[in-house]
Amino acid sequence: MANVRAFAANSATTPLAAATIPRREVGPDDVEFDILYCGVCHSDLHTARNEWAVWPTVYPCVPGHEIVGKVTRVGSKVTKFKPGDLAATGCMVDSCGTCGSCKEGLEQYCDNGKTVFTYNSVDPHKTAPVTYGGYSERIVVKEKFVLHVSSKLNPAAVAPLLCAGITLYSPLRHWGAAPGRKVGIVGLGGLGHMGVKFAHAFGAHTVLFTTSPSKIEDGKKLGADDVVVSKNADEMQRHTRSFDLIVSTVAASHNLDPFVNLLKRDGSLVLVGAPEHPHPSPTVFNLLLGRRSLAGSAIGGIPETQEMLNFCGAHDITADVEVIPIQKVNEAYQRLLKADVKYRFSIDMASLKSE
Ligand SMILES: [Zn+2]
Ligand SMILES: [Zn+2]
């Protein structure tokens, strides 16, 4: 075991602070990499503050699952990485590997519930009680869960692709965002801005829904063909029964009916935001009359995450980021709650060296 520098929360109510955490020795199947950048996801904040009743936080908690770094060492059986390569890890570091979903490369939906998440999951290696994430100097990850990143892209802006990016890429692919299809993205934050970029890149007619008229210009710059202020009932009405797909990134409980009503026959409303309290049930008649679907989607599997990173390399797509030193992470959490970032914080992990 090696001790590395990190930033950790020691309780739900204390700010994150410098800490030392153990990392396991590099095993035959492992890749060790120095972390260059780690994105700040809303899940980091929820976990650090123990806000998810279904998934209690074990302290100390080291968040971070949008990780990009440079390989330092590889195990004897590793074939796809060598020291010096860029490497990335997202929300998962292991799974059962034997169930139907894992075999299909959908490790996030492991049928045995054995997905090991990058932080706050029971650590199968027992290096510590739970896994520790990317707010740290270095990480050791099983090769299968390590991804390649194009060196042409800015690594600080690549980091958020590992959660925010794949969370939108996967449903847009699954439900067929493509030329000739009309696709809505609800909410313009870390997730939503990636949704607009991907839907546009896939050639779909892309519509952004936002509650704030101040975001109209930004939405169009990111690739939206149209921006609808969802508080305006008349504007919403104009789009009735016209969407093939709407992906909602909103993480607050709200009435889904206004969006269900915008779906065409056989259209789908896909939820990717995780509200603390459930949405009220939509009116069932609106689903029946139109054979509409309400669905959910969680990140993406490892093969699809690599496909997304390759797509981003080929089409020069990254997240819009504000790079911060780790010492500003608590302030970043405060700003995140006010949606005061365009559109993702990315932590420059070199700042950890001054701790
Ligand atoms: Zn995340
Ligand atoms: Zn499995």
Side-chain angles (χ1 to χ4, degrees), residues 1-24 33-69 88-95 108 113-142 145 159-160 162-164 167 190 251 273-276 298-299 324-337 341 344-349 351-353 355:
M1 276 203 314
N3 286 323
V4 305
R5 281 179 277 219
F7 244 57
N10 282 310
S11 80
T13 52
T14 48
L16 275 76
T20 303
I21 55 161
R23 290 296 189 197
R24 69 175 185 264
F33 59 99
D34 278 346
I35 299 172
L36 298 172
Y37 294 95
C38 184
V40 176
C41 176
H42 219 111
S43 307
D44 300 356
L45 188 159
H46 285 304
T47 307
R49 297 182 177 178
N50 197 15
E51 288 173 347
W52 279 334
V54 292
W55 190 359
T57 304
V58 175
Y59 294 96
C61 167
V62 180
H65 59 201
E66 296 182 335
I67 307 168
V68 174
T89 284
C91 304
M92 308 178 277
V93 289
D94 212 342
S95 73
Q108 77 277 33
K114 297 274 188 199
T115 309
V116 179
F117 293 98
T118 305
Y119 57 82
N120 202 42
S121 261
V122 172
D123 181 1
H125 295 272
K126 298 190 165 57
T127 314
V130 289
T131 51
Y132 294 140
Y135 295 6
S136 59
E137 212 178 349
R138 195 177 304 148
I139 193 165
V140 179
V141 181
K142 196 183 213 181
F145 288 81
L162 277 302
C163 173
T167 298
E276 201 178 337
I299 51 173
I324 57 164
I326 189 82
Q327 290 79 7
K328 291 225 164 146
V329 73
N330 294 300
E331 191 184 306
Y333 280 10
Q334 293 304 325
R335 288 180 52 197
L336 201 57
L337 291 171
V341 57
R344 204 69 153 174
F345 290 109
S346 183
I347 305 167
D348 179 353
M349 220 45 80
S351 59
L352 201 50
K353 293 195 168 67
E355 286 297 326

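Just so you know, residue 1 is the first one in the sequence shown, and it goes up from there. Model, not experiment: these values are computed from the prediction.
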Query raised in the report: What is the distance from atom CD of E355 to atom CD of E137, rounded to the nearest 0.5 Å?
Result: 11.0 Å
Query raised in the report: Is the shortest heavy-atom distance from the side chain of S351 to the side chain of K328 under 4.5 Å?
Result: no
Query raised in the report: With distance as the sole test, does Q108 use its side chain to make a donor-acceptor pair with the main-chain N or O of M92 at under 3.5 Å?
Result: no
Query - Any side-chain heavy-atom pair of P56 and N50 under 4.5 Å - result: yes
Report task. Calculate, to the nearest 0.5 Å, the distance between atoms OG1 and CG belonging to T57 and N120 respectively. Result -> 4.5 Å
Requested in this report: Please name the pair of heavy atoms, one in T167 and one in C163, separated by the smallest distance, quoted to 0.1 Å.
Outcome: OG1-O, 2.6 Å
Query - Residue pair T89 / F145: nearest heavy atoms and the distance that separates them - result: OG1-O, 3.4 Å
Requested in this report: Report yes if some heavy atom in the side chain of M349 is under 4.5 Å from a heavy atom in the side chain of S136; otherwise report no.
Outcome: no
Report summary line: Minimal heavy-atom distance between Y119 and D44, with the atoms involved, is OH-OD1, 2.7 Å
Report summary line: Closest non-hydrogen contact found for I35 with G134 is CD1-O, 3.6 Å
Query raised in the report: Between the main-chain N or O of G90 and the side-chain N or O of T118, is there a donor-acceptor pair closer than 3.5 Å?
Result: yes
Query raised in the report: Under 4.5 Å between any side-chain heavy atoms of I21 and V4, yes or no?
Result: yes
Query raised in the report: To the nearest 0.5 Å, what is the distance between CD (E66) and SG (C41)?
Result: 5.5 Å
Report task. Please report the C-alpha distance between I347 and I324 in whole Å, then the side-chain angles of each, then the deciding distance to 0.1 Å, and finally whether the side chain to side chain contact (heavy atoms under 4.5 Å, CB included) criterion is met. Result -> CA-CA 5 Å; I347 305 167; I324 57 164; 4.1 Å; yes
**Report entry** Minimal non-hydrogen separation, V140 against R24, with atom names
**Finding:** CG2-O, 3.4 Å
Query - Test item: Y135 and L352 side chains (from C-beta on) under 4.5 Å apart, heavy atoms - result: no
Query raised in the report: Between Y37 and D348, is any pair of side-chain heavy atoms under 4.5 Å apart?
Result: yes
Query raised in the report: Is the closest side-chain heavy-atom distance between L45 and E51 below 4.5 Å?
Result: yes
Query raised in the report: If we only count heavy atoms from C-beta on, is the W52 to T47 side-chain gap below 4.5 Å?
Result: yes
Query raised in the report: Counting only N and O atoms by type, is there a donor-acceptor contact under 3.5 Å from the side chain of R23 to the main-chain atoms of Y132?
Result: yes
Requested in this report: Rounded to the nearest 0.5 Å, what's the gap from NE2 on H65 to CG on L162? Could you check?
Outcome: 9.0 Å
Report task. Measure the spacing between CG of L16 and CG of N10 and express it to the nearest 0.5 Å. Result -> 8.5 Å
Query raised in the report: Looking at R49 and L337, what are the two nearest heavy atoms and their distance?
Result: NH1-CD1, 3.5 Å
